[in-house]
Structures are given as structure tokens and as C-alpha cells.
Amino acid sequence: QVQLVESGGGSVQAGGSLQLSCTFSADAIDRYCLAWFRQIPGQPREGVAAIDAHGKPNYAQSVNGRFTISRDNNKRILSLQMNSLKPEDSNMYYCAASRWGQWDPCPLSTMQYSNYGQGTQVTVST
């Protein structure tokens, strides 16, 4: 069973940086895409960044140039480096593993992802 556990969230001032990590189970190594989503209560879950098995990333326009996603299958860690944070980046962040299949680029829609972690909170203050 695919298991995903996020860590690294916290509070930071606008303009600051945070790095999120997601430890994933061995079952997730074979999932072609891994991704980060974010969600505030009452709103749809939004895709932030995704990465395929070869390391090719895909970013939402709102974070492109500020966030960097990386994946280490040997250590089973998915990371999200977040720089130049803005108050609107405040959200609960979730890592996710895709359903069986391949995409180019990895999608940012929840429809292609079947497993999520429990989330980690990021708060950016002015």
C-alpha cells in the first residue's frame, strides 16, 4: 500500500523560504508521477508541482520560478523547495502519488492521483 508522510511545514514571513519533504513507501517508487498539492478549507485541491520518474518537473503558473520540486527514489523522498513565499501560498500542502500510467508532463489535476499524505501546514505572514 502506498504511504506518504509530509514534513517541513511551518510559519515564515513573506519573502522567506521553506522546504517540504515527503517520505514515500516503496510501493510509490513505481508510480510515474509524484506531486505536491495544496488546499485551503472549502476550496478545491490545487496542483502546485509534479515530477515524473525521469525527473522532469511541471509547475503551476503561480509558483513557477519560485518553487522547485525534486525526487530521490533511492532515499524515497519527494521535496518541494519554496522560495519568495507570499501570503497567498499559505495552505495545507499534500504530496501525492499518481495512478498507474504515464503522462508528459505529469499532470496537476487531482484526477490522475490516487494517494495523498496527511498534509503539512504552511503559513506565510506579511
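Reckoned from all heavy atoms, side chains included, excluding hydrogens, waters and symmetry mates. Source: prediction; values computed, not measured.
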Would you call D52 and R71 a salt bridge, taking side-chain N to carboxylate O under 4.0 Å as the test?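 R71 and D52: not salt-bridged.
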Shortest non-hydrogen separation from [X] to [Y] and the atoms involved:
X: C95; Y: L4; answer: SG-CB, 3.5 Å
X: V124; Y: S90; answer: N-OG, 2.7 Å
X: N91; Y: Q121; answer: O-NE2, 3.3 Å
X: L78; Y: A35; answer: CD2-O, 3.7 Å
X: D89; Y: S84; answer: OD2-O, 4.4 Å
X: V48; Y: L108; answer: C-CD2, 4.1 Å

Could you give the distance from [atom1] ([X]) to [atom2] ([Y]), rounded to the nearest 0.5 Å?
X: S109; Y: F37; atom1: OG; atom2: CZ; value: 6.5 Å
X: Q13; Y: T123; atom1: CD; atom2: OG1; value: 13.0 Å
X: T110; Y: Y116; atom1: OG1; atom2: OH; value: 5.0 Å
X: I77; Y: C22; atom1: CD1; atom2: SG; value: 9.5 Å
X: Q19; Y: S79; atom1: CD; atom2: OG; value: 5.0 Å
X: I29; Y: N74; atom1: CD1; atom2: CG; value: 8.0 Å

Just so I know, are the side chains of [X] and [Y] near enough to count as touching, which here means a heavy-atom distance under 4.5 Å?
X: W36; Y: M82; answer: no
X: R31; Y: N115; answer: yes
X: Y94; Y: Q118; answer: no
X: Q112; Y: C33; answer: no
X: K86; Y: R66; answer: yes

**Item:** Exam field: side chain E6 to backbone G119, donor-acceptor pair closer than 3.5 Å
**Value:**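 Checking the backbone N and O of G119 against the side chain of E6, a donor-acceptor pair under 3.5 Å is found.
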(message) When you measure from the side chain of R76 to the backbone of F24, do you find a donor-acceptor pair of N or O atoms at a distance under 3.5 Å?
(response)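 Yes.
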Over 60° means perpendicular and under 30° means parallel, so classify the ring planes of Y93 and F67, tilted if in between.
-> tilted
task: Output, in order, the C-alpha distance, side-chain angles, deciding distance and verdict of side-chain hydrogen bond (donor to acceptor under 3.5 Å, both in side chains) for N83 and Q81.
output: CA-CA 7 Å; N83 298 328; Q81 176 65 41; 2.9 Å; yes
Give the C-alpha distance, both sets of side-chain angles, the deciding distance and a yes or no for side chain to side chain contact (heavy atoms under 4.5 Å, CB included) between Q3 and T23.
CA-CA 8 Å; Q3 293 184 332; T23 301; over 6 Å; no
Within a reach of under 6.0 Å around CD of Q61, are more than 12 heavy atoms found that belong to other residues, nucleotides or ligands?
no
(request) Check the surroundings of atom CD in E88: do more than 12 heavy atoms from other residues, nucleotides or ligands lie under 6.0 Å from it? (result)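 Correct, the count exceeds 12.
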Item to complete: Show your reasoning for whether side chain to side chain contact (heavy atoms under 4.5 Å, CB included) applies to N58 and W103.
Response: CA-CA 11 Å; N58 183 29; W103 299 267; over 6 Å; no
If Ile, Leu, Val, Met, Phe, Trp and Tyr residues are connected whenever their side-chain heavy atoms lie under 4.5 Å apart, and connections chain through other members, are V12 and V63 in the same group? yes
Does the Lys NZ or Arg CZ of R45 fall within the cation-pi geometry relative to Y113 - under 6.0 Å from the ring centre and within 45° of the axis?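 No cation-pi geometry.
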request  = Going by the side-chain contact (heavy atoms from CB on, under 4.5 Å) test, name the single residue among V122, I69, T68, T120 that passes it with L80.
outcome  =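 Option passing the side-chain contact (heavy atoms from CB on, under 4.5 Å) with L80: I69.
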